[in-house]
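Presented below is the structure to which this report refers.
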Protein chains: 2
Amino acid sequence: MPPKAKVTIKDVALKAGCGIATASRVLNNSGPTSAEVRERVNRAALDLGFSFSAIGRALQSSKSMTVGCLVPSLANPVFAEAVQGVQNELVGTNYQLLISSSNYDDKADDDAISTLVSKEVDGLIVTMVAPERSPALKLAHQRGIPASLMFHDPIEGFATSYVDNFEAAREVAQRFSEYGHRRTGFLALRLATSDRSRNRYAGFHAECRARGMPDPVLIELSETDANRPEKLTAILAAHPDLTAIFASNDFLAIAVQKAARLLGWIVPRDLSVVGFDGIEIGKLLDVPLTTIETMPEKMGRQAAKSLLTAMQGGVLEQLPPLPFRFRAGATLAAPRAKSRDDGRVAAQPPSVPLIKTILKQG
Amino acid sequence: MPPKAKVTIKDVALKAGCGIATASRVLNNSGPTSAEVRERVNRAALDLGFSFSAIGRALQSSKSMTVGCLVPSLANPVFAEAVQGVQNELVGTNYQLLISSSNYDDKADDDAISTLVSKEVDGLIVTMVAPERSPALKLAHQRGIPASLMFHDPIEGFATSYVDNFEAAREVAQRFSEYGHRRTGFLALRLATSDRSRNRYAGFHAECRARGMPDPVLIELSETDANRPEKLTAILAAHPDLTAIFASNDFLAIAVQKAARLLGWIVPRDLSVVGFDGIEIGKLLDVPLTTIETMPEKMGRQAAKSLLTAMQGGVLEQLPPLPFRFRAGATLAAPRAKSRDDGRVAAQPPSVPLIKTILKQG
DNA sequence: AACAAATATGGAAACGTTTCCATTCAGGTG
DNA sequence: CACCTGAATGGAAACGTTTCCATATTTGTT
């Protein structure tokens with residue numbers, strides 16, 4: 001084990017007393033070799049601790065054996081799971097995963113793609129703010145780098161692995177309607193940078209209309225407000241007529257319940273809440289979360305799978321969306337029959353001190 | 001915009017009517033050039049849509065400008081956040097992030113490191129099952145590839161960014177003791193593959209002893225059982241004398257509360273629970289989770305930061321552990337004075353039908 | 001025994017960079 | 001006017017592979 005910094009195939013050939021070409025053939029099993037030289041080369045490689053330089057290989061074959069993956073942020077468990085799905089699918093192939101994240105920034109998205117392209121990735125798997133108007137992504141496409149989208153609805157020229165947000169949201173509106181809800185709200189974060197949220201809102205809105213319900217109230221929260229319930233509490237208080245909230249993700253669905261409790265409202269008696277994503281924790285809550293279950297891991301897997309076939313010369317074809325599933329939970333129920341102000345506030349007189357207590361600890 | 005597959009610096013030089021060396025100097029600002037040729041080269045590069053081949057560069061400079069990162073799984077939000085932290089620190093440098101995951105498998109860990117090394121990463125950031133006995137990691141070290149650990153306690157030869165699990169766990173024992181708890185349990189997943197959990201257990205155990213409490217009951221859950229509360233319910237029922245549980249992560253802390261509820265126990269009246277990690281959702285729960293807050297994002301950042309200085313020729317030095325913080329929450333309280341069987345079961349007669357209901361929906 | 005066919009081998013080019021070195025040319029100094 | 005300095009430039013080597021091609025050796029067939 002001489003800890004030589006770099007041992008190349010040249011060193012192996014030298015030690016084995018043969019030419020580089022022969023050593024290469026032995027090490028790759030890529031051509032005729034005599035048993036004798038095979039023995040010598042393998043022994044030399046082992047002794048020297050040789051391993052191929054992926055860079056040398058990449059240069060000569062113009063294949064980096066690397067796929068680039070861009071998501072807004074790994075701090076969002078949904079994206080993290082999807083990336084893990086990609087990874088799971090890539091294990092066993094010889095492809096490695098180069099990742100980047102944009103923190104939901106349009107410009108950063110584009111830069112990230114450029115960087116990945118200049119690293120000569122063999123394929124791309126992306127979730128970005130606006131894939132349809134990313135110059136870098138278009139350029140990658142022109143250069144013949146196959147790209148597979150995740151979470152996005154289909155757009156011209158790319159295959160995508162996604163869940164039908166519009167349809168899923170329609171189902172939520174339908175459930176609300178069946179329980180007799182009429183005045184609803186849609187709660188989301190960063191609507192401007194999330195086509196997913198926009199699609200959910202669109203579907204929810206469309207189905208509410210179709211059922212003759214009033215248009216849902218659109219509640220958009222800033223990043224920072226999401227962790228501090230006060231703002232949400234104020235918003236709820238300002239809309240006492242809402243009986244049901246559709247939250248664009250499960251975290252928000254849990255946050256809005258916290259806000260409701262601060263007002264002394266009880267879920268689902270005084271307010272129904274439905275989330276989106278289907279995180280596991282939702283099942284374990286005291287009042288299990290009603291939500292739409294999706295499969296981020298599968299999404300990543302599917303994106304990786306199609307990309308792999310595309311990289312092997314196959315054609316990138318659009319598969320149908322991944323299924324979603326309505327998880328009943330217990331945060332959705334019929335709205336109270338009685339008028340709001342009588343019912344809710346009266347039922348929980350000590351709401352004000354409660355707020356104080358919790359504000360203090362936050 | 002001729003969508004030529006590959007435009008190299010040779011093409012640029014040709015079009016600009018100069019030598020390759022000159023073109024390189026212009027494009028890199030790395031030597032004397034006349035204003036005139038500079039103009040021509042830049043224009044040619046722009047016209048042709050030239051961008052450097054990172055592979056060509058890597059080969060010649062023997063720097064891949066890539067750091068490899070290995071974590072057990074991105075499906076665990078703690079690791080995902082840490083990786084995002086690494087990423088955040090790397091943005092702005094010219095380093096890209098190559099990731100891999102082992103799914104908590106010892107062998108896979110080693111293979112992953114080998115692969116990353118053969119990709120010639122310039123540095124490594126790793127969390128693995130057992131870094132101290134990974135041949136591949138040792139080899140990387142011998143080859144002079146700097147490596148920075150995450151989540152691990154310090155080991156010979158590597159810098160690590162971590163939280164003092166032992167100390168944090170001692171604090172939990174101390175809090176339990178102060179509230180008057182004596183019989184406690186430690187709940188964990190995959191103890192064999194997580195030195196973090198083992199260290200927490202060790203610290204918890206040590207402090208319980210130091211305070212004259214009985215040794216904590218060690219409860220280890222299989223992966224699959226963690227999502228299905230029945231098993232946990234059975235375990236709790238088998239240990240009716242426990243008054244407090246320290247869970248090795250917040251997810252388990254929430255799961256054990258679910259199990260307790262299935263038995264009709266009320267948290268924290270009948271059972272105190274303390275978690276670990278400090279996930280945001282914990283704050284939003286009806287009964288806010290008592291837990292140890294840690295900073296995974298910072299951990300990733302710190303690991304990346306030290307690695308960066310090491311890669312720039314600096315020395316990899318061990319920093320003190322990152323701080324943790326006890327978050328009070330509301331799932332920790334004094335144990336009930338009365339005997340168990342009187343208190344708990346009698347207080348919640350309808351516990352059996354409740355179990356049935358919930359089992360059905362799971 | 002002679003020759004074709006198959007097998008084994010190594011030299012060299014190519015992949016896209018950067019950088020060392022040598023060359024050319026202009027301008028300044030004695 | 002000869003000389004030196006410094007700037008500008010391009011050729012070529014090197015980084016580690018794979019692969020084409022040509023050569024050398026063995027095997028098999030008449």
Side-chain angles (χ1 to χ4, degrees), chain A residues 4-42 44-45 48-66 94 96 117-122 143-144, chain B residues 4-42 44-45 48-66 94 115 117-122 143-144:
Chain A
K4 201 203 167 193
K6 216 102 199 190
V7 32
T8 75
I9 201 170
K10 203 180 273 184
D11 301 319
V12 174
L14 193 70
K15 173 150 191 176
C18 69
I20 302 181
T22 307
S24 174
R25 271 186 296 259
V26 172
L27 264 10
N28 289 298
N29 249 324
S30 62
T33 48
S34 70
E36 190 222 353
V37 77
R38 226 173 303 152
E39 160 67 16
R40 285 204 319 255
V41 168
N42 284 324
L48 264 41
F50 169 78
S51 80
F52 283 110
S53 157
I55 294 181
R57 279 182 148 174
L59 184 60
Q60 114 79 26
S61 66
S62 53
K63 297 216 147 301
S64 66
M65 297 312 280
T66 287
N94 285 319
Q96 298 304 303
V117 167
S118 82
K119 278 267 174 182
E120 267 137 313
V121 294
D122 295 331
R143 291 218 189 153
Chain B
K4 202 203 170 197
K6 215 103 198 185
V7 32
T8 76
I9 201 170
K10 203 181 271 185
D11 301 318
V12 174
L14 194 69
K15 173 149 190 178
C18 68
I20 302 180
T22 307
S24 174
R25 272 186 296 260
V26 172
L27 264 10
N28 289 299
N29 248 325
S30 63
T33 47
S34 69
E36 190 222 352
V37 77
R38 226 173 305 152
E39 161 66 17
R40 283 199 327 250
V41 168
N42 283 325
L48 264 42
F50 169 79
S51 80
F52 284 110
S53 156
I55 293 180
R57 279 182 147 173
L59 183 59
Q60 113 79 25
S61 66
S62 54
K63 298 215 148 301
S64 67
M65 297 312 280
T66 287
N94 285 319
T115 309
V117 167
S118 82
K119 278 266 174 182
E120 266 137 313
V121 294
D122 296 331
R143 292 219 189 152

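Side-chain atoms are counted along with the backbone in the values below, which use heavy atoms only and exclude waters and symmetry mates. Chain letters run A, B, ... following the sequence lines, proteins first and then strands; every chain starts at 1.
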Applying side chain to side chain contact (heavy atoms under 4.5 Å, CB included), can you list everything that pairs with A44(A), at least two apart in sequence or on another chain? V12(A), K15(A), A16(A)
List the atom of K119(A), the atom of T66(B), and the distance in Å for their closest heavy-atom pair. NZ-OG1, 2.9 Å
Any residue meeting side chain to side chain contact (heavy atoms under 4.5 Å, CB included) with S34(A), in chain and number order, not counting sequence neighbours: E36(A), V37(A)
Do R25(B) and T33(B) meet the criterion of a side-chain donor-acceptor pair at a distance under 3.5 Å? no
Please report, rounded to the nearest Å, how far the C1' atom of dG16(D) is from the CG atom of L48(A). 15 Å
Give the rounded distance in Å between these two atoms: CE of M65(B) and P of dT17(C). 16 Å
Sugar-phosphate only, base, or nothing, as touched by S51(A) at under 4.0 Å among non-hydrogen atoms: sugar-phosphate
With side chain to side chain contact (heavy atoms under 4.5 Å, CB included) as the test, would you mind laying out the steps for I20(A) and L14(A) before giving the verdict? CA-CA 8 Å; I20(A) 302 181; L14(A) 193 70; over 6 Å; no
Kindly give the atom pairs (protein nitrogen or oxygen, nucleotide nitrogen or oxygen) under 3.5 Å for nucleotides 24-26 of chain D.
none

List, one per line, each side-chain donor-acceptor pair under 3.5 Å for residues 48-59 of chain B, sequence neighbours excluded.
unit_1	atom_1	unit_2	atom_2	d
S53(B)	OG	E120(A)	OE1	3.1
S53(B)	OG	E120(A)	OE2	3.1
S53(B)	OG	I55(B)	N	3.3
S53(B)	OG	G56(B)	N	3.0
R57(B)	NH2	N28(B)	OD1	2.7

Whole-Å distance separating the CD atom of E120(A) from the C1' atom of dT17(C): 11 Å
When the distance from CD1 of I9(B) to P of dT19(C) is rounded to whole Å, what number comes out? 11 Å
Sugar-phosphate atoms are those with a prime plus P, OP1 and OP2; base atoms are the rest. Using that split, label each nucleotide of nucleotides 9-15 of chain C B, S or - for protein heavy atoms under 4.0 Å, 5' to 3'. BBB---B
Please name the pair of heavy atoms, one in S30(A) and one in S24(A), separated by the smallest distance, quoted to 0.1 Å. OG-O, 4.1 Å
Nucleotide dT17(D), atom P - distance to CG of L14(A) in whole Å: 14 Å
Quick one: N29(A) CG to dA8(C) P, roughly how many Å, whole number? 12 Å
What does the inter-axis angle of the helix from dA1(C)-dT30(D) to dG30(C)-dC1(D) come out as, five pairs per end, nearest 10 degrees? 60°
Quick one: closest heavy-atom pair of D11(A) and K6(A), and the distance? OD2-O, 3.6 Å
Does dT18(D) have OP1 or OP2 sitting under 4.0 Å from an N or O in the side chain of S24(A)? yes
